Amino acid sequence: MSLSHTSPLRISVRSTAAYSLEEAAPPADVEPPVSTRASASGYSIRLAESPGAPCALCVEPTGAGPVGYLDEDPVCDLCLLQNCAELGMLLALSAVTREYGDFGPESEDEWRAALAELGAFARLYARFVARSGPRRRILRPDEDGPIH
């Protein structure tokens with residue numbers, strides 16, 4: 001089974017959980033937990049300890065590889081983005097980059113459209129993270145200056 005959340009940028013994030021949402025859903029009379037934290041403390045990104053585990057906040061499948069966590073509980077990409085935007089945007093950047101890397105354009109127009117979409121997300125991400133502080137320089141091991 002493949003689950004998708006689509007973005008306004010026409011890029012989708014997919015999960016291939018080994019169980020159905022019906023199996024993971026809580027009983028109808030139980031509300032899923034919601035974070036009551038006023039800040040992003042307690043959120044992190046780390047490698048999934050149980051790939052595809054249900055999100056601690058909404059019970060959607062989380063995923064494999066780098067996933068969000070609230071303390072020791074996994075959270076899905078959307079819940080991470082809603083509750084800790086800085087880390088959520090980092091996972092979104094990873095998903096967009098991976099989607100672009102897997103894209104196989106069949107025409108010059110498709111290539112340009114994909115490049116324009118990647119550029120639009122890069123500009124959005126740059127404006128978003130500018131609030132967190134200045135850019136960090138990434139150095140090549142044999143250079144003293146920034147990569148251009």
Side-chain angles (χ1 to χ4, degrees), residues 1-104 113-148:
M1 178 174 147
S2 177
L3 302 170
S4 295
H5 294 286
T6 56
S7 78
L9 295 175
R10 297 185 321 263
I11 294 175
S12 59
V13 179
R14 295 178 196 85
S15 171
T16 53
Y19 59 90
S20 70
L21 282 180
E22 292 77 27
E23 294 169 2
D29 60 341
V30 175
E31 291 289 321
V34 176
S35 174
T36 57
R37 297 174 194 267
S39 70
S41 65
Y43 284 94
S44 63
I45 295 174
R46 57 184 193 245
L47 294 177
E49 294 169 7
S50 299
C55 173
L57 301 176
C58 75
V59 302
E60 287 287 324
T62 51
V67 297
Y69 276 80
L70 173 57
D71 298 323
E72 297 303 313
D73 300 316
V75 294
C76 71
D77 294 348
L78 186 57
C79 285
L80 183 64
L81 186 61
Q82 289 173 337
N83 292 288
C84 183
E86 292 85 357
L87 294 180
M89 282 295 284
L90 206 57
L91 283 186
L93 175 63
S94 174
V96 168
T97 303
R98 185 173 184 182
E99 193 78 17
Y100 184 79
D102 287 342
F103 180 66
L115 190 56
E117 193 168 326
L118 180 63
F121 185 84
R123 285 185 296 282
L124 173 73
Y125 182 78
R127 284 192 302 266
F128 181 84
V129 298
R131 296 180 284 176
S132 298
R135 277 186 247 174
R136 285 185 239 165
R137 296 174 6 144
I138 298 175
L139 303 177
R140 294 182 184 142
D142 59 339
E143 294 185 0
D144 292 331
I147 295 175
H148 294 286

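Remember, it's a predicted structure, so these values are computed and weren't measured experimentally.
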Side-chain contact, heavy-atom cut-off 4.5 Å: I45 with L90?
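Yes, at least one pair of side-chain atoms sits under 4.5 Å.
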Donor-acceptor pair, R123 side chain versus G119 backbone, under 3.5 Å?
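Indeed, once roles are kept as given, a pair shorter than 3.5 Å links the two residues.
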Derivation of the side-chain contact (heavy atoms from CB on, under 4.5 Å) call for Y69 and L80
CA-CA 8 Å; Y69 276 80; L80 183 64; over 6 Å; no
Closest non-hydrogen atom pair between [X] and [Y], with its separation:
| X | Y | result |
| --- | --- | --- |
| F121 | M89 | CZ-CE, 4.2 Å |
| A53 | P74 | CB-CG, 4.0 Å |
| C76 | P61 | CB-O, 4.0 Å |
| T62 | S50 | OG1-O, 4.5 Å |
| A114 | F103 | CB-CE2, 3.5 Å |

Pair N83, L57 - check side-chain contact (heavy atoms from CB on, under 4.5 Å), show working.
CA-CA 10 Å; N83 292 288; L57 301 176; 3.5 Å; yes
Kindly compute the distance separating [atom1] ([X]) from [atom2] ([Y]), expressed to the nearest 0.5 Å.
| X | Y | atom1 | atom2 | value |
| --- | --- | --- | --- | --- |
| S41 | D71 | OG | CG | 8.0 Å |
| L78 | C58 | CG | SG | 7.0 Å |
| D77 | E60 | CG | CD | 11.0 Å |
| L124 | L93 | CG | CG | 10.5 Å |
| L87 | Y43 | CG | OH | 10.0 Å |
| L81 | E86 | CG | CD | 10.0 Å |

Exceeds 12 heavy-atom contacts within 6.0 angstrom, atom CZ of R46:
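Correct, the count exceeds 12.
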